[in-house]
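Right, one structure below, let's go through it.
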Amino acid sequence: MKKFIEEFKAFALRGNVIDMAVGVIIGGAFTSIVTAVTDNLINPILYFVTGAESYDLKDIAGFGSNLVSSIVNFLIMAFILFCILKAFNLAVDLGKKKLVEEEEKAPTTKVCPYCKSEIPIEATRCPHCTSVLEETKAEA
């Protein structure tokens with residue numbers, strides 16, 4: 001069960017899944033703008049031109065307020081989603097930095113016991129003083 005949860009976590013936190021989720025949410029929010037434009041701008045113009053309906057000033061003002069309301073709702077949704085994703089990416093980056101720091105802690109150099117120069121850890125001869133380095137018990 002633990003491996004199943006780890007696999008699901010790896011799947012859910014991949015960039016593709018997150019991007020798809022953001023797309024679905026933004027698409028749903030944008031649908032309200034498209035509906036508002038259609039219902040409050042395009043249809044009234046078509047109805048007025050064809051003579052199907054007549055509108056007064058109060059109806060026209062209502063159309064504009066509905067459209068503005070839909071746009072404001074979309075912008076609020078997009079801002080909240082942006083803040084959530086920013087926090088999510090920050091948390092993921094912090095986790096990655098911990099892993100990188102742990103990997104970097106492994107020593108890659110050592111000090112030559114003869115000339116005290118810093119040399120690669122795999123070196124068997126010091127490039128500075130050309131001394132043959134003996135393998136110490138700590139390295140074995």
Exercise. Under 3.5 Å, side chain of K86 to main-chain N/O of L81, donor-acceptor pair present?
Worked result: no

Problem set entry | same_hphob_cluster(I18, F82) at 4.5 Å side-chain heavy-atom cutoff | no

Exercise. Can you name the nearest heavy-atom pair linking P113 to L133, along with the distance?
Worked result: CD-CD2, 3.7 Å

Exercise. Apart from F79 itself, what residues make up its hydrophobic cluster, given side-chain heavy atom links below 4.5 Å?
Worked result: none

Exercise. Are side-chain heavy atoms of C126 and C115 found at a separation under 4.5 Å?
Worked result: yes

Exercise. How far does CD1 of I25 sit from CG of L85, to the nearest 0.5 angstrom?
Worked result: 8.0 Å

For this session: Using side-chain hydrogen bond (donor to acceptor under 3.5 Å, both in side chains) as the criterion, list what pairs up with T109, not counting sequence neighbours.
Result: E118

Exercise. Do S117 and C129 come within less than 4.5 Å of each other through their side chains, counting heavy atoms only?
Worked result: no

Exercise. Is F88 linked to M20 within one hydrophobic cluster, defined over Ile, Leu, Val, Met, Phe, Trp and Tyr using a side-chain heavy-atom separation of less than 4.5 Å?
Worked result: no

Seminar exercise, completed: Scanning both residues in full, the closest heavy-atom pair of I33 with L67 reads O-CD1, 4.4 Å

Exercise. When rounded to the nearest 0.5 angstrom, what distance separates OH in Y114 from OG1 in T130?
Worked result: 11.0 Å

Problem set entry | Any side-chain heavy-atom pair of T35 and S70 under 4.5 Å | no

Seminar exercise, completed: For D19, the side-chain contact (heavy atoms from CB on, under 4.5 Å) test, sequence neighbours excluded, returns none

For this session: Check whether F8 and I5 end up in the same hydrophobic cluster, where Ile, Leu, Val, Met, Phe, Trp and Tyr are linked by side-chain heavy atoms less than 4.5 Å apart.
Result: no

For this session: Return yes if some donor-acceptor pair links the side-chain N/O of R125 with the main-chain N/O of V132 below 3.5 Å, else return no.
Result: no

Exercise. Among all residues two or more places apart in sequence or in another chain, which pass the side-chain contact (heavy atoms from CB on, under 4.5 Å) test with S69?
Worked result: N73

Exercise. In terms of hydrophobic clustering (I, L, V, M, F, W, Y; side-chain heavy atoms under 4.5 Å; direct or indirect links), are V111 and I119 co-clustered?
Worked result: no

Exercise. What pair of heavy atoms forms the shortest contact from K110 to P120, and how long is it?
Worked result: CE-O, 3.7 Å

Exercise. To the nearest 0.5 Å, how far apart are CG in N66 and OG in S32?
Worked result: 11.5 Å

Problem set entry | Residues that, via side-chain heavy atoms closer than 4.5 angstrom, fall in one hydrophobic cluster with V68 | V72, I76, I80, I84

Seminar exercise, completed: ring-ring contact (aromatic ring centres under 6.0 Å, His included) filter on F30, not counting sequence neighbours, yields F74

